Amino acid sequence: TPLDCLATPVTTPVGQRCRMTLGDDFCVSRLNREWAWLRGEPVPTSWAIGAGRSSTDAKGAATLEAVLGMVAADPDAVLGSLLLLQAQGDEKAGRVVLQAMLGKLVLMARRDHSHSVGDYITECWLQLCQYPLARRPRRIAANLALDTRRAVWACSTKRPVRLGPLSFGQLPQPPAT
């Protein structure tokens, strides 16, 4: 259905878009609802997308959705510009980057039975907030995805897999002192 594919961005391969049912995770559903509201917002006049990096600029993009669409044409220039704006305190630019990465995050989480989509989304946000753009200006989307996966797997606390409700007797007891 169209709702299942609402927030799968242009960066998600077409063959995989409709196999993802995004409504089963609260975090992704909430991001989808937020993006449905944000995508029509006009691009802030302070944004210079791709300035000094390529011919891509925000003048051709009237809305945030149009900026997201520009990622497919020149990912490093657009994502780099958005990450620079994020580093300067513009969280909306970071939100567009997160939206561009959302499809990949869902795919990575689907292949990982130990971590949730929320784990991947949280780590991706942390990674994009500290991305070393000056040191790694190329293959930004791939680097964000790999950094996110590395950070998720480096976390020492993995979500326990629950098969059913536990009774009080099954709960771990504190050690006797």
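Everything quoted here is computed from the prediction, not taken from an experiment.
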Enquirer: If I take atom CD from residue Glu34 and atom CZ from residue Arg39, how far apart are they, to the nearest 0.5 angstrom?
Expert: 12.5 Å

Enquirer: State the CG-CE distance between Leu128 and Met101, to the nearest 0.5 angstrom.
Expert: 8.5 Å

Enquirer: Roughly how far, to the nearest 0.5 Å, is the CD atom of Glu91 from the CH2 atom of Trp125?
Expert: 5.0 Å

Enquirer: Is a side-chain N or O of Asn143 found less than 3.5 angstrom from the main chain of Arg136, in a donor-acceptor match?
Expert: no

Enquirer: Got a salt bridge between Glu41 and Lys92, using NZ or NE/NH1/NH2 to carboxylate O under 4.0 Å?
Expert: yes

Enquirer: If I compare all heavy atoms of Val152 with all of Glu123, which pair ends up nearest, and what's the gap?
Expert: CG2-CG, 3.5 Å

Enquirer: Indicate the atoms forming the closest heavy-atom contact of Ala93 with Gln86, along with that distance.
Expert: CB-N, 4.1 Å

Enquirer: Using 0.5 Å steps for rounding, measure from the CG atom of Leu107 to the CG atom of Asp112.
Expert: 12.5 Å

Enquirer: Does any part of the side chain of Val97, heavy atoms only, come nearer than 4.5 Å to the side chain of Leu144, both counted from C-beta?
Expert: yes

Enquirer: To check you understand the geometry: which heavy-atom pair defines the closest contact between Val67 and Val78, and what is its length?
Expert: O-CG1, 4.0 Å

Enquirer: Side-chain donor-acceptor pair under 3.5 Å between Tyr131 and Asp147, yes or no?
Expert: no

Enquirer: Check whether any side-chain heavy atom of Ile140 lies under 4.5 Å from a side-chain heavy atom of Leu133, and answer yes or no.
Expert: yes

Enquirer: Quick one: closest heavy-atom pair of Pro75 and Ala73, and the distance?
Expert: CD-C, 3.9 Å

Enquirer: Provide the closest heavy-atom pair for Gly40 versus Thr63 in the form atom of the first, atom of the second, distance.
Expert: O-CG2, 3.6 Å

Enquirer: Atom OG in Ser116, atom CD1 in Ile121: separation rounded to 0.5 Å?
Expert: 8.0 Å

Enquirer: Kindly indicate, with the supporting measurements, whether the criterion side-chain contact (heavy atoms from CB on, under 4.5 Å) is fulfilled by Leu105 and Cys124.
Expert: CA-CA 8 Å; Leu105 298 173; Cys124 186; 3.7 Å; yes

Enquirer: Could you give the distance from CH2 (Trp47) to CG (Leu84), rounded to the nearest 0.5 Å?
Expert: 12.0 Å

Enquirer: Does atom CZ of Arg95 have more than 12 heavy-atom neighbours, drawn from other residues, nucleotides or ligands, at distances under 6.0 Å?
Expert: yes

Enquirer: Can you get from Met108 to Leu126 by hopping between Ile, Leu, Val, Met, Phe, Trp and Tyr side chains that sit under 4.5 Å apart?
Expert: no

Enquirer: Kindly give the heavy-atom pair with the smallest separation between Arg149 and Tyr120, and that separation in Å.
Expert: CA-CE2, 4.2 Å

